[in-house]
Amino acid sequence: HKGQCVAIIGPNGSGKTTLIKAILRLIFPDTGEIHVKERNIKDGCSYREHIGYMPQISRFPENMKVSELFKMVKSMRSNSPESYDTELFEEFGIEKFADKKLSVLSGGMKQKVSATLAFLFKPEILILDEPTAALDPISNEILKNKIRESRNEGKLILISSHILSDLDTITSHVLYLYEGKQQIFKSIEQLRTETSEDKLNEVIVELLKTRKIHA
């Protein structure tokens, strides 16, 4: 729902990225239905205009410059320039390497570009797959602050991450998957109360100890 920041966690191969790809219609589930904004996504792709997506691994056209990538992406949408969210573009200092080709960017630079594109069109829903991977500590905090701001603005945020410490201050709910099945979907406050632990990684460890979830 709006205003939730859901941490999608689970061991490797549990289905986190598969779930995200299914929501985006990059793969098609064998059974069941997915609804976004009360619409079955089988009815068409127009719902994706409400989603900002940051993939786990960004694959950009290698010979294109960063500035050209942003120009191309903007040309694919009808948004007016004043409707763009350029906060991350400015705070990450992307202008400093805008003339570089995407092929020469470091992993952290590519993550900055990918995060900025996810927020650029002010989407109602943000899907972030391992968003803090390869980011330096300062950029990590910049992105987490942006996620917190977006949650406070009433946006729905889905985050898949193995770095649980990054989720402590931004998560409202935890979805734990194991072998493609939901083990837990509860608010972080409820889980903290149940386990008497504060940090998310300690919460998960306690749930593993008591066998309420599978590793």
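Atom set for the values below is all heavy atoms of this structure, side chains included, hydrogens, waters and symmetry mates excluded. Nothing here was measured: the structure is a model prediction, and the numbers come from that model.
Among pairs with a residue in residues 63-75, none fulfils salt bridge (charged side-chain N to carboxylate O under 4.0 Å, His left out), at least two apart in sequence or across chains.
Residues satisfying the side chain to side chain donor-acceptor pair (under 3.5 Å) criterion with S114, sequence neighbours excluded, are S58. For the side chain to side chain donor-acceptor pair (under 3.5 Å) test, no residue two or more places apart in sequence or in another chain qualifies with S106. With sequence neighbours left out, the salt bridge (charged side-chain N to carboxylate O under 4.0 Å, His left out) criterion links K37 to E124. In this structure T193 satisfies the side chain to side chain contact (heavy atoms under 4.5 Å, CB included) test with no other residue, sequence neighbours excluded. With sequence neighbours left out, the ring pair (Phe, Tyr, Trp, His ring centres under 6.0 Å) criterion links F70 to F89. Partners of S165 under the side chain to side chain donor-acceptor pair (under 3.5 Å) rule, at least two apart in sequence or in another chain, do not exist in this structure. By the side chain to side chain donor-acceptor pair (under 3.5 Å) test, D168 is found to be paired with no residue, residues two or more places apart in sequence or in another chain being considered. Listed by chain and number, the residues in a side chain to side chain contact (heavy atoms under 4.5 Å, CB included) with E62 are S103 (sequence neighbours excluded).
You'll find the side chain of K146 stays beyond 4.5 Å of the side chain of T116, heavy atoms only.
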Step by step, would you call M109 with V113 a side-chain contact (heavy atoms from CB on, under 4.5 Å)?
CA-CA 6 Å; M109 287 177 172; V113 170; 5.7 Å; no

Distance-only donor-acceptor pairs under 3.5 Å for side chains of residues 169-181, two or more places apart:
residue	atom	partner	partner atom	Å
T169	OG1	R148	NH1	2.6
T171	OG1	L167	O	2.8
S172	OG	C5	N	2.8
S172	OG	C5	O	3.3
Y176	OH	H214	O	2.7

Side-chain donor-acceptor pairs of residues 194-211 under 3.5 Å, sequence neighbours excluded:
residue	atom	partner	partner atom	Å
E194	OE1	K186	NZ	3.2
E194	OE2	K186	NZ	2.9
E194	OE2	Q190	NE2	3.4
T195	OG1	L191	O	2.8
T195	OG1	E197	N	3.3
T210	OG1	E206	O	3.1
T210	OG1	L207	O	3.2
R211	NH1	L208	O	2.8

Name the atoms and distances for all side-chain donor-acceptor pairs under 3.5 Å in residues 17-33, with sequence neighbours left out.
residue	atom	partner	partner atom	Å
T17	OG1	D129	OD2	3.1
R25	NH1	I41	O	2.9
E33	OE1	H35	NE2	3.0

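Scanning both residues, F119 and P123, for their nearest heavy atoms gives O-CD, 3.8 Å.
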